[in-house]
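Proteins come first, then strands; the chains are lettered A, B, ... in the order of their sequence lines, and each starts at number 1.
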Number of protein chains: 2
Amino acid sequence: MNNKESENTETEILNAAKEVFLQKGMAGARMQEIADKANINKALLHYYYRSKQLLFEAVFKSAFKLLAPQLNRVLNDDTDLFEKIRKFTENYVAFVIKHPYLPNFVIQELSKNPDFIQKLRAEKNFPTIDKFKIQVNEAIDKGIIKPIEAEQLFINIISLNIFPFIGEPLLMALVNMDKESYKKLLKKRKTEVSEFIINSIKI
Amino acid sequence: MNNKESENTETEILNAAKEVFLQKGMAGARMQEIADKANINKALLHYYYRSKQLLFEAVFKSAFKLLAPQLNRVLNDDTDLFEKIRKFTENYVAFVIKHPYLPNFVIQELSKNPDFIQKLRAEKNFPTIDKFKIQVNEAIDKGIIKPIEAEQLFINIISLNIFPFIGEPLLMALVNMDKESYKKLLKKRKTEVSEFIINSIKI
DNA sequence: ATCTGATTTAACTATTTGGTTAACAAATTT
DNA sequence: AAATTTGTTAACCAAATAGTTAAATCAGAT
């Protein structure tokens with residue numbers, strides 16, 4: 001058996017599955033569509049991944065593996081707090097342009113199946129807030145930033161960065177912009193968001 | 001035919017449909033489950049609402065009608081900018097506690113079917129940003145707040161308020177909190193978020 | 001060359017699911 | 001009260017869909 005080819009089929013399936021699951025979610029995805037996209041027979045899906053559920057879990061874990069380093073960039077990185085916020089914000093836009101459906105997919109499926117987070121927690125590199133917490137408290141002690149709970153600050157950073165993408169269709173309509181203008185607005189946020197945050201916390 | 005009873009059945013169906021659609025989305029919802037929850041025969045669903053699609057649209061519009069006033073509270077209200085941000089933030093938490101799945105549902109279904117927003121736009125009371133824009137620009141001219149695009153500020157306000165609920169399962173795991181602590185954290189945000197925003201923009 | 005195990009396919013199955021039908025019941029009109 | 005309209009149900013149908021089976025093919029080992 002050609003190992004390269006079989007590996008190819010397996011990743012071919014995973015890629016096709018990613019495409020379909022990320023766009024349509026677990027409930028909306030169809031095994032036939034995944035098979036078609038991978039140019040294989042539907043039975044092969046079940047040969048490599050026993051069931052829709054297992055294929056979904058493989059996709060989900062793989063998606064989270066891409067997202068985790070992004071989150072770690074703000075949580076577990078040693079650079080200066082302000083610089084970190086700037087870099088994270090700048091990078092996040094580029095990341096979402098590359099994987100437009102990914103954050104929405106992860107959040108959506110988690111909110112339909114909250115227990116699933118436990119399976120992710122077990123994986124290594126699951127982001128934790130401990131380091132960030134220390135850094136924020138140090139900055140407060142040094143008088144660099146105003147007092148704020150690290151958790152609240154973290155949630156603010158994440159919210160300001162992720163939501164404009166997840167809420168795109170709604171926000172686009174509310175601010176009354178077409179796709180192109182909205183994309184421009186998002187790009188501006190690369191710098192605007194970090195300044196907004198830093199303005200708020202710096203002394 | 002008893003008009004009260006038939007009205008009851010119709011709203012009974014709509015309520016059951018809301019429950020199911022909001023939790024499981026269009027793709028995940030089952031007509032049978034809705035019928036069971038409404039204590040009626042599945043055929044009655046089709047008697048009142050011809051198809052799943054039409055029932056879904058009724059639910060979606062009804063959901064948006066609840067959300068729109070919340071958004072209008074920050075967009076089309078005459079009170080002072082800072083006061084408005086404070087009131088909106090405070091009210092929004094209460095609103096989401098009452099309708100936990102609603103914002104997520106609206107955003108999720110819109111991102112799976114972006115064209116749907118057009119149907120909402122036609123409805124009266126669809127929120128628009130015009131008034132808010134004028135107010136922000138006036139505040140900038142008067143030297144009350146730093147220069148910022150009204151659209152960016154609006155997106156920031158909405159993001160900081162909505163995302164912590166939508167991303168709850170993920171955020172809860174990242175900040176390493178149990179449900180109870182996270183709920184407390186969310187309640188604190190009633191005041192924290194508005195201060196965070198105002199801190200950032202005030203001169 | 002042939003055997004062996006992995007890969008792939010076509011055809012099939014069982015179940016789920018949205019939707020329909022036809023008959024019955026209850027209310028309203030005449 | 002007879003006729004008509006509206007509301008409700010049980011039984012059914014057809015399409016969609018996840019999953020299975022059994023046979024065929026392919027690559028490497030013997």
Side-chain angles (χ1 to χ4, degrees), chain A residues 1-63 105 108-109 112-113 116 119, chain B residues 1-63 105 108-109 112-113 116 119:
Chain A
M1 191 42 17
N2 186 335
N3 223 0
K4 273 176 208 165
E5 261 183 27
S6 75
E7 263 182 22
N8 270 351
T9 338
E10 195 166 338
T11 57
E12 202 70 34
I13 291 175
L14 199 65
N15 286 335
K18 261 186 211 171
E19 244 185 272
V20 176
F21 275 125
L22 288 226
Q23 282 184 50
K24 315 211 165 165
M26 169 64 173
R30 296 289 163 251
M31 294 297 266
Q32 187 59 61
E33 192 183 347
I34 295 171
D36 291 347
K37 221 156 233 169
N39 289 313
I40 51 149
N41 192 286
K42 190 160 63 86
L44 252 198
L45 294 183
H46 291 89
Y47 177 76
Y48 281 99
Y49 303 84
R50 292 184 58 81
S51 66
K52 187 184 182 184
Q53 181 64 30
L54 288 174
L55 179 53
F56 168 77
E57 286 180 19
V59 168
F60 191 81
K61 278 179 188 166
S62 155
F105 169 72
Q108 191 51 33
E109 296 301 328
K112 254 154 211 163
N113 196 353
F116 211 77
K119 290 195 184 169
Chain B
M1 197 38 19
N2 186 335
N3 221 3
K4 272 176 209 166
E5 262 182 28
S6 74
E7 262 182 23
N8 270 352
T9 336
E10 193 166 341
T11 56
E12 203 69 34
I13 291 176
L14 198 65
N15 286 336
K18 261 186 211 171
E19 243 185 274
V20 177
F21 275 125
L22 289 227
Q23 283 184 49
K24 314 211 165 167
M26 170 64 174
R30 296 290 162 251
M31 295 297 268
Q32 187 59 60
E33 193 183 347
I34 295 171
D36 291 348
K37 219 155 236 170
N39 290 314
I40 51 149
N41 191 287
K42 189 160 62 85
L44 253 198
L45 293 182
H46 291 90
Y47 178 77
Y48 282 99
Y49 303 85
R50 296 184 58 80
S51 66
K52 186 186 183 184
Q53 181 64 30
L54 287 174
L55 179 53
F56 169 78
E57 286 180 20
V59 168
F60 191 83
K61 278 178 188 165
S62 155
F105 168 72
Q108 191 51 32
E109 295 302 328
K112 256 157 208 159
N113 196 352
F116 211 76
K119 290 194 183 167

Below 4.0 angstrom from OP1 or OP2 of D:dG7, is there any side-chain N or O of B:Thr9?
no
Nearest-Å distance for atom pair CD/P, residues B:Glu12 and D:dG7
16 Å
Does B:Lys61 have any side-chain hydrogen bond (donor to acceptor under 3.5 Å, both in side chains) partners at least two apart in sequence or in another chain, and if so, which?
none
Phosphate-side-chain proximity, A:Tyr47 and D:dG19, N/O vs OP1/OP2 below 4.0 Å
no
Nearest-angstrom distance from the residue atom CG of A:Leu45 to C1' of C:dT9
13 Å
Which pairs count as salt bridge (Lys or Arg N to Asp or Glu O under 4.0 Å) when at least one residue sits in residues 45-59 of chain A, sequence neighbours excluded?
A:Glu57-A:Lys119
Within residues 22-40 of chain A, residues whose heavy atoms come under 4.0 Å of DNA chain C
A:Ile40
Check whether any side-chain N or O of A:Ser51 sits under 3.5 Å from a backbone N or O of A:Leu54 as a donor-acceptor pair, and report yes or no.
yes
Which protein N or O atoms sit under 3.5 Å from an N or O of nucleotides 10-14 of chain C?
{"unit_1": "C:dA10", "atom_1": "OP2", "unit_2": "A:Asn41", "atom_2": "ND2", "d": "3.3"}
{"unit_1": "C:dA10", "atom_1": "N7", "unit_2": "A:Asn41", "atom_2": "ND2", "d": "3.2"}

Could you check if a side-chain atom of A:Tyr48 sits within less than 4.5 angstrom of a side-chain atom of A:Leu55, using non-hydrogen atoms only?
no
Spacing of CE belonging to B:Met26 relative to CZ belonging to B:Phe60, to within rounding of 0.5 Å
12.0 Å
Looking at residues 50-59 of chain A, who's got a heavy atom less than 4.0 Å off DNA chain D?
A:Ser51, A:Lys52
Can you check the A:Glu10 CD to C:dA6 C1' distance for me, whole Å?
13 Å
Steps toward ring-ring contact (aromatic ring centres under 6.0 Å, His included) verdict (A:Phe21, A:Phe105):
CA-CA 8 Å; A:Phe21 275 125; A:Phe105 169 72; 7.1 Å; no
Rounded distance in Å - OH (B:Tyr48) to C1' (C:dG19):
18 Å
Any side-chain heavy-atom pair of B:Met31 and B:His46 under 4.5 Å
yes
Please give, in whole Å, the distance from C:dA25 C1' to B:Leu44 CG?
12 Å
Checking side-chain polar atoms at under 3.5 Å, does B:Asn113 have a donor or acceptor matched by the opposite partner on B:Glu109?
no
Using a strict cut-off of less than 4.0 Å between a Lys/Arg side-chain nitrogen and an Asp/Glu carboxylate oxygen, indicate whether B:Lys24 and B:Glu33 qualify as a salt bridge.
yes
Do B:Asn15 and B:Glu19 pair up side chain to side chain, a donor and an acceptor below 3.5 Å, judged on atom types alone?
no
Partners meeting side-chain hydrogen bond (donor to acceptor under 3.5 Å, both in side chains) with B:Ser62 (sequence neighbours left out):
B:Lys18
If I take atom NE2 in residue B:His46 and atom C1' in nucleotide C:dT20, what distance separates them, rounded to the nearest angstrom?
9 Å
